[in-house]
Every structure is written in structure tokens, then in C-alpha cells.
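Order of the sequence lines sets the chain letters (A, B, ...), proteins ahead of strands, with each chain counted from 1. No experiment lies behind these values; they were computed from the predicted model shown.
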Protein chains: 4
Amino acid sequence: MAPIVSDEYKEKKKRHILESALKAFGEKGFQLATIDDIVAESGLSKGAIYNYFKSKEEIYLQLMQMRTEQNIAKLKRSFLERGTAKEKLHQFFKNYAEIELSQKWQKMIGVHLEFWIHSGRDEELKKVMTDRYDDVYQVLLVEIIEEGIRQNEFNKETDPSLISSMVWGTIDGICLHYSVIGRNYPYQEQIRALEEMIFMYLEKGGSA
Amino acid sequence: MAPIVSDEYKEKKKRHILESALKAFGEKGFQLATIDDIVAESGLSKGAIYNYFKSKEEIYLQLMQMRTEQNIAKLKRSFLERGTAKEKLHQFFKNYAEIELSQKWQKMIGVHLEFWIHSGRDEELKKVMTDRYDDVYQVLLVEIIEEGIRQNEFNKETDPSLISSMVWGTIDGICLHYSVIGRNYPYQEQIRALEEMIFMYLEKGGSA
Amino acid sequence: MAPIVSDEYKEKKKRHILESALKAFGEKGFQLATIDDIVAESGLSKGAIYNYFKSKEEIYLQLMQMRTEQNIAKLKRSFLERGTAKEKLHQFFKNYAEIELSQKWQKMIGVHLEFWIHSGRDEELKKVMTDRYDDVYQVLLVEIIEEGIRQNEFNKETDPSLISSMVWGTIDGICLHYSVIGRNYPYQEQIRALEEMIFMYLEKGGSA
Amino acid sequence: MAPIVSDEYKEKKKRHILESALKAFGEKGFQLATIDDIVAESGLSKGAIYNYFKSKEEIYLQLMQMRTEQNIAKLKRSFLERGTAKEKLHQFFKNYAEIELSQKWQKMIGVHLEFWIHSGRDEELKKVMTDRYDDVYQVLLVEIIEEGIRQNEFNKETDPSLISSMVWGTIDGICLHYSVIGRNYPYQEQIRALEEMIFMYLEKGGSA
DNA sequence: AATGAATGAGGGTTCATTCAT
DNA sequence: GATGAATGAACCCTCATTCAT
């Protein structure tokens with residue numbers, strides 16, 4: 001017999017729950033946000049939520065998973081358009097500079113960073129996160145930088161992995177500060193300055 | 001009547017509790033660590049702890065307060081020795097590069113960052129934190145950079161506040177990554193590369 | 001309009017549900033077994049089950065009802081063949097001795113005993129059960145024993161009701177032990193020893 | 001520093017909780033009785049109960065443990081007075097015959113039997129229970145019977161283990177029936193008849 | 001008749017905080 | 001000052017039952 005609701009319906013509902021959870025977690029943090037907060041936010045019943053996720057922790061994990069995937073997809077999409085390594089790197093920073101600095105986004109960052117710290121306290125989760133960091137985030141920039149070196153756009157002496165790591169660290173640091181300080185934080189100037197600094201470093205040669 | 005125990009005794013006991021709390025928070029995070037964890041760590045009784053602090057939150061706040069003060073004191077101490085702005089800035093990075101990368105320190109960072117995020121969710125706390133950031137941390141570097149500009153060590157065009165903000169953001173980002181990834185993270189190389197990059201920027205001129 | 005499905009079909013489905021429930025209850029006990037366990041066991045949907053039974057409790061009651069009826073029918077059937085009281089009583093014990101000691105049967109006993117205790121906590125149910133005990137189980141043995149007394153097979157002094165009660169109690173006790181201990185319990189030897197003892201008592205005269 | 005309350009105080013409180021639990025379990029059965037029932041029965045707070053026991057299940061286990069120990073102690077005590085095997089066995093049945101048939105006792109039996117069945121569904125628990133059955137309950141009667149055989153009080157041909165098993169099975173069966181049926185069940189007559197039957201069997205020779 | 005998503009009361013458990021000793 | 005037993009609000013999760021499709 002045909003299923004009562006489509007997979008699509010269920011997927012939509014899951015997403016709705018995850019988005020409600022994101023709001024709730026953003027407001028109070030994962031630990032302090034209660035299932036009842038998610039209930040209130042989503043308009044669903046407690047039981048309904050447990051029909052889709054088996055625990056609050058699972059909601060957290062899947063939420064972060066989903067957002068990471070969206071993030072990565074967005075990053076990769078922005079590089080489809082061919083171009084030089086320089087252009088790609090510029091595009092990368094442009095993506096970050098253009099993020100809409102809503103309060104919602106500010107809260108989301110808090111949730112992400114909190115999750116990052118959380119995962120540092122759980123061996124299993126930590127492995128997932130560091131693997132993802134190495135295999136996805138690091139690789140993304142390393143490849144661009146290596147391409148730039150091959151094409152003589154960037155200085156041969158630079159260490160792509162070190163630069164990539166620096167960029168990601170700085171971006172996370174900037175986000176961290178923005179997440180706490182909010183509107184008064186010169187987020188966009190920071191991103192721009194970072195770009196400038198990195199390009200200077202890549203062109204004139206760091207660690208030379 | 002004379003106090004039964006000296007203030008010094010009380011101060012020592014408070015510090016002992018705060019240090020025990022730091023261990024407990026480092027292990028599980030603030031929310032998950034329980035008063036009983038602190039009891040176990042400190043060897044004191046529950047009642048004793050509540051004689052010195054009126055709530056778990058207060059322990060958290062005072063712990064962070066204490067550590068911030070220690071931090072700042074340490075930073076300032078390292079600049080007492082006179083020197084050029086360059087030397088001071090170099091000393092600044094050297095401080096960070098030389099931090100002992102123990103597991104204990106890794107956990108402490110987690111607690112600090114968690115607190116940072118936590119404070120972003122509470123208006124009152126947030127004000128304390130951003131004020132402290134502006135008045136202490138920012139000022140520290142801004143003053144050095146301004147001094148360097150006055151002494152023609154650094155390029156006139158640079159924006160001291162922006163650079164300072166960038167440095168702090170990057171340091172926090174590097175710490176964040178180290179806190180999650182741990183041993184495998186090239187913490188010291190990152191700090192060194194950051195120094196190099198910042199000096200290059202300050203000397204050859206960013207935003208020029 | 002004619003019924004869409006025959007009564008026979010419905011009866012079959014009900015029996016299927018009851019049998020699935022028996023398995024589920026046997027595995028975890030009535031309280032711990034969930035409707036979802038019955039759903040999984042039966043392959044039907046939750047709604048389907050509630051079309052046939054109005055509650056979990058009702059499934060329990062009807063299951064026990066059904067099994068009691070089967071039990072009684074089986075017992076009575078084995079006495080249809082004429083014979084002396086002795087022969088009948090021997091047949092009675094033989095029935096019990098020959099029960100296949102499967103794990104399934106072991107679990108079923110658990111369900112029955114659990115129900116027995118359950119019913120002791122509900123006045124209404126208790127009345128049903130004790131009436132059934134008096135009117136069916138007791139009567140069954142009492143009649144045989146009385147017949148044996150009339151035919152001078154058994155000692156006149158024996159109290160049929162007391163003996164019957166003893167036999168049922170002992171059988172239940174043996175089943176109880178078997179249900180917990182399982183394979184290692186000398187079930188059949190116990191039944192045989194019980195028979196021997198009862199016959200000795202009935203012939204040489206108990207309570208004389 | 002001296003403990004705030006004595007071990008004795010704590011032991012007393014534990015016993016109080018266990019007794020309250022026994023009442024609650026007796027009323028509704030283990031599963032249906034809630035912690036709140038125990039709270040209501042005991043007059044303590046929920047937290048207090050969890051200071052002494054880590055879960056409802058543990059209360060159940062310790063309750064049964066305690067009662068078993070009391071039971072065994074009582075049984076053994078009644079044999080301290082020397083005597084022939086016959087006298088000891090008689091004393092054994094007398095103990096059971098003289099039990100006060102209060103409603104409270106009736107309910108207790110229900111809890112015990114329920115626990116017995118419960119343990120049949122948990123491998124670990126089952127091992128504890130069957131070991132205890134073998135090492136304590138069986139041994140108790142087997143030793144008396146063997147002594148009786150050695151002293152020529154009982155028939156040489158009897159199988160002590162089988163008889164013991166039969167006695168315990170029957171006693172449990174009688175208790176089971178009493179627990180459901182209550183006042184109207186001829187408990188004492190049953191115990192007396194059992195004694196008579198067993199003695200007849202032991203003296204004139206069963207399985208001969 | 002059948003389906004299974006939705007409901008929400010209710011249960012076990014935790015833990016910051018209090019306070020009698 | 002110190003102790004740790006007691007408190008109870010609050011939380012996560014379960015599951016019998018309902019009902020729109």
C-alpha cells in the first residue's frame with residue numbers, strides 16, 4: 001500500500017524541525033535549549049519531533065551535518081566558474097564578505113562554534129570533525145593555492161597547507177568575535193584586510 | 001570579634017575552588033559539569049563551596065574573571081622591559097608561541113571560548129566582555145602599533161585598530177582550532193606565520 | 001450492504017494479532033511490550049490492530065481468554081475417551097508431562113503467570129479468574145476424584161477439593177519454576193513424581 | 001570531620017524506602033507503581049530516594065535481596081534447635097503454615113512472584129536467582145532429607161533433590177494461588193496436606 | 001479497512017541549591 | 001565555617017491512542 005506521506009513530506013518536516021532547533025539553540029545554546037523550546041518554535045508536538053529524531057543530541061548532530069553540507073555546497077558552487085587561482089581566492093573572500101550580517105546569522109555562528117567545542121570533548125565526534133576539516137575545508141584552499149603556485153601567480157616558497165590553515169583559523173576567529181560582539185564588530189573590514197594580507201603574503205612571499 | 005579565618009585563607013580557598021572548577025568545566029563543559037564534579041575535584045564539601053560562591057554561575061564568572069586578570073597581568077608584565085614597538089610586538093607573539101601545549105591548556109581554551117559564546121547570549125555579560133575587549137585587549141596592541149607608527153617603525157597608512165582586531169581574531173581562531181584538533185594542529189607554526197604576516201603588513205603597508 | 005470481509009476473515013486476523021501479542025508479551029512482559037512490538041511481530045499496522053481491539057489491555061484480556069479456552073478444550077478432549085477415574089487422572093498428568101518444553105512454551109507460561117498476578121490486583125478481573133478456577137479447573141479434577149471414590153478406586157476419606165487444589169497449585173508451581181529456570185529444571189520428573197505422590201495419597205488415604 | 005548522619009540512620013532510611021516501595025509495588029505491580037507512589041508512601045522527596053538508590057530497578061533488586069535474606073535467615077533460625085530430620089521438616093512446614101495471612105502478605109507474594117518472572121527475562125538476573133535457588137533453597141531441604149535417609153527416618157530410595165524441588169514448587173504454587181484468590185483460598189489446609197503427602201512419600205517410599 | 005504521523009500526559013532521573021546539625 | 005542529606009522544579013523521552021487520508 002502506498003505510504004501515507006511522501007518522503008518529500010518527511011524530508012520537509014525534518015528540515016522544519018532542524019530549522020526550529022537552530023533557532024532554539026541559537027537563543028540559548030544547545031544545553032539550555034529544551035525540547036519544549038523546539039516544540040514551541042516548530043509548532044509541532046513533542047512526540048512528532050521524536051518521530052523524526054531519536055534524541056536531542058541527534059537533532060544537534062543532524063543540524064550541524066546539514067548546515068555543513070549546505071556550506072560546502074555553496075563554497076564549491078562559487079568556484080564552478082573557471083578562472084585563475086587569484087580569481088578563485090578572491091571569490092572565496094568575497095563570499096565571506098558578502099554574508100548578510102543578520103542577528104540570525106550571528107546566532108548561528110554561536111551554535112556552530114559551540115558545536116565545534118563540544119566535539120572536541122568527544123573522541124568519536126572529534127574524529128569526524130577533524131577529518132572533515134582536513135578533507136574538505138583544508139583541501140579546498142590548498143588546491144587553489146597549489147594551482148596558483150603552478151601558474152606562477154603565487155610565490156613558490158609559500159606553504160599552501162599553512163596558509164590555508166591560517167585563513168580558516170582567522171575566519172573562524174573573526175566569526176567568533178562577530179558572534180559575541182555583533183553589530184559593532186567590523187566584520188567586513190576584517191575579511192577585506194585578511195584578503196589583502198593573504199594576497200600580499202602569497203605574492204611577495206611569506207616564509208621566504 | 002576577630003574573624004575566625006584570615007582573608008588570606010579565604011582567598012586561597014576560593015582560588016582552590018576556582019581551579020577545581022576549571023578542571024571540571026574543561027572536562028565536560030560548563031553546563032555538563034556538576035557541582036558534584038567540583039566537589040570531587042576539590043575535595044571540599046558542597047556546603048563549603050556554597051560558602052564561597054553563591055551559585056554555579058558565579059563560580060563560572062569569577063573563574064573567567066580571575067583568568068582574564070592573570071592573562072592581562074602576564075601580557076603587561078612582558079612589556080615592562082622597555083624596547084621598540086617592534087620588539088614589544090615580537091615579544092607579544094613570542095608569548096603566544098611559547099605557551100606550553102599541554103592537554104590541560106587545550107581544555108582551558110575550550111572553557112574560555114565556551115564562555116565567550118555564552119556571554120554573547122546575555123546582554124549584561126556581553127557588555128562586560130566587549131568593554132573589556134575594547135579597553136584592555138584592543139588597547140594593548142593599538143598602543144604598540146601607534147607607537148610604532150610614531151617612531152616610523154610601521155607604515156603610516158595602517159589602521160591600528162583594524163590590525164589589532166585582526167591579530168586577536170586570528171589568535172582566537174588558532175586557539176579554537178587547536179582546542180578541537182589538539183596535538184596534530186600546527187599551533188606554533190601558525191603563530192609564527194601570523195607574526196610574519198602581520199609584520200609584513202605593518203612594514204610594507206596594508207590598505208595602501 | 002454486505003460486509004466487505006467475512007467474519008471468518010476477521011476472526012483469523014484477530015487470532016493472528018493475539019498470537020503476535022503473545023510473542024511480544026512473552027519476550028518482555030505485558031507492561032514492557034509495546035504496541036509497536038506487536039506491530040513488528042504481526043506485520044500489521046497500528047491502525048489495523050486498533051480496528052480489532054480497543055486497547056492494549058483488551059488484547060491482553062482476549063489473549064488470555066483465548067488461551068484459557070484452548071487449554072480447557074484440550075483438557076476436556078483428552079477425557080472424552082471413556083475410562084476409569086484412575087485412567088482419566090493418569091491421562092491428565094500425561095498431558096502435562098508430554099508438553100513440549102520449547103522456549104516458546106516457557107515464555108508463554110511467564111505471560112500466563114504474570115496475568116494471574118495482574119488479575120489479583122483488579123477486583124473485577126479477580127472475580128472472573130477465581131470463578132473460572134472454581135467452575136472449570138477445580139470441577140474438572142474434583143469430578144474425577146469423586147468418581148474414583150464412588151467406584152472405590154480412591155480412598156473414601158480424601159477431600160476431593162483439597163486434592164484438586166493441591167494438584168493445580170503444584171502444577172502451577174512447577175510451571176513457575178520451569179518458566180524461570182528453563183532447560184535445567186526437571187519438569188517432567190516433577191510431573192511424574194507429583195502423579196506418583198497424588199496416587200499414593202489417593203489410594204492409601206490422606207487425611208485419614 | 002564526623003559524618004553528619006550515622007550509617008545506622010542511613011540504613012534505617014534505606015529500609016524505610018524499601019518498605020514503602022514494597023507497599024507501592026504490592027498495590028500496582030513494579031511497572032505500574034511510580035516513583036511518585038513511593039514518594040507518597042514514604043513521605044520523602046523524590047531526590048531523597050535517589051540519594052539512596054540509583055534507579056527504580058535498583059530499589060526493586062535490593063528490596064527482593066533484602067526480603068530473600070530475611071526469609072533465609074528466618075528459615076535457618078528455625079532449625080538451630082537440634083532435632084531429628086523429621087522434626088526439622090515438620091518445623092519447616094509449620095513455619096509456612098503459621099504465616100499470618102494478612103492482605104499485606106498476600107500482596108508481597110505478588111511482588112515476589114512478579115520478580116521471579118521478571119528475572120526469567122533477564123539472563124544476568126536469572127543466573128543470580130537460579131544460583132540462589134540451587135545453593136540456598138534446594139540445599140536447605142536436601143540436607144534435611146539426606147540426614148533423614150542416613151538416620152533411617154526416610155526411605156532410602158527417595159531422591160532428595162526431586163523431593164526438595166517438589167516441595168518448593170508446591171509451596172510457590174500454593175502461594176501463587178493464595179496471592180490471587182486471597183481469603184477464600186484454603187492456604188493452611190494446603191500446606192498441611194502437602195506436609196502429610198510429603199511425609200507419606202518419604203516414609204513409605206516414592207519412586208520405589 | 002488500513003495506514004502511520006501526530007498527540008501529549010506521564011514517567012524516571014538529574015542536579016543546583018538549601019539548611020539542620 | 002563545614003557538612004552532606006534533602007528538596008523539587010525541570011528535563012528528556014516513551015508510548016497508548018487517535019484520526020485525517
Does any non-hydrogen side-chain atom of I49(D) lie less than 4.5 Å from one of I38(D)?
yes

Does a side-chain heavy-atom distance below 4.5 Å link L61(D) with F115(D)?
yes

Atom pair distance, as rounded to whole Å: [atom1] in [X] and [atom2] in [N]:
X	N	atom1	atom2	value
K14(B)	dG1(F)	NZ	C1'	15 Å
Y60(D)	dT13(E)	OH	C1'	20 Å
E57(B)	dC15(E)	CD	C1'	15 Å
K12(A)	dA6(E)	NZ	P	12 Å
I49(B)	dC15(E)	CD1	P	15 Å
Y52(B)	dT18(E)	OH	P	18 Å
I59(B)	dA16(E)	CD1	P	10 Å
K54(B)	dT18(E)	NZ	C1'	15 Å

Interface residues of residues 113-122 of chain B with DNA chain F (non-hydrogen, below 4.0 angstrom)
none

Heavy-atom contacts under 4.0 Å between residues 30-47 of chain B and DNA chain F, which residues?
S45(B), K46(B), G47(B)

Can you tell me which nucleotide in dA16(F), dA2(E), dA6(F) comes closest to the side chain of A48(C)?
dA2(E)

Tell me which nucleotide among dT13(E), dA1(E), dA5(E) gets nearest to the side chain of N51(C).
dA1(E)

Hey, does K13(A) reach any base, or is it just sugar-phosphate, or nothing, if we go heavy atoms under 4.0 Å?
sugar-phosphate

By the 4.0 Å heavy-atom rule, please label F53(C) as base, sugar-phosphate, or nothing.
nothing

Listed once per pair and sorted, the salt bridge (Lys or Arg N to Asp or Glu O under 4.0 Å) pairs that draw on residues 42-68 of chain C, sequence neighbours left out:
D36(C)-K46(C)

Could you give the distance from [atom1] ([X]) to [atom2] ([Y]), rounded to the nearest 0.5 Å?
X	Y	atom1	atom2	result
K126(B)	S119(B)	NZ	OG	9.0 Å
I117(C)	F30(C)	CD1	CZ	14.0 Å
H118(B)	L125(B)	NE2	CG	5.5 Å
M64(A)	M129(A)	CE	CE	8.5 Å

Any side-chain N or O of Y50(B) less than 4.0 Å from the OP1 or OP2 oxygen of dT17(E)?
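So the side-chain polar atoms of Y50(B) do come within 4.0 Å of the phosphate oxygens OP1 or OP2 of dT17(E), strictly under.
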
Please give me the minimum heavy-atom distance between S179(B) and I109(B), naming the atom from each residue.
CB-CG2, 3.7 Å

Closest heavy-atom contact between R132(B) and Q65(B)?
NH1-OE1, 3.5 Å

How does DNA chain E look in dot-bracket form if you count Watson-Crick and G-U pairs under 3.5 Å, write [ ] for pairs that cross, and put | where a base pairs with another strand?
.||||||||||||||||||||

Which atom pairs, one a donor and one an acceptor, fall under 3.5 Å between side chains of residues 14-24 of chain D and the rest of the protein, sequence neighbours left out?
from: K14(D); atom 1: NZ; to: Q62(D); atom 2: OE1; distance (Å): 3.3
from: H16(D); atom 1: NE2; to: S42(D); atom 2: O; distance (Å): 2.9
from: S20(D); atom 1: OG; to: H16(D); atom 2: O; distance (Å): 2.8

Using 30° and 60° as the class boundaries, would you call the ring planes of Y60(C) and F25(C) parallel, tilted or perpendicular?
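Correct class here is perpendicular.
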
Not counting sequence neighbours, which residues clear side chain to side chain donor-acceptor pair (under 3.5 Å) with K104(B)? List them please.
none

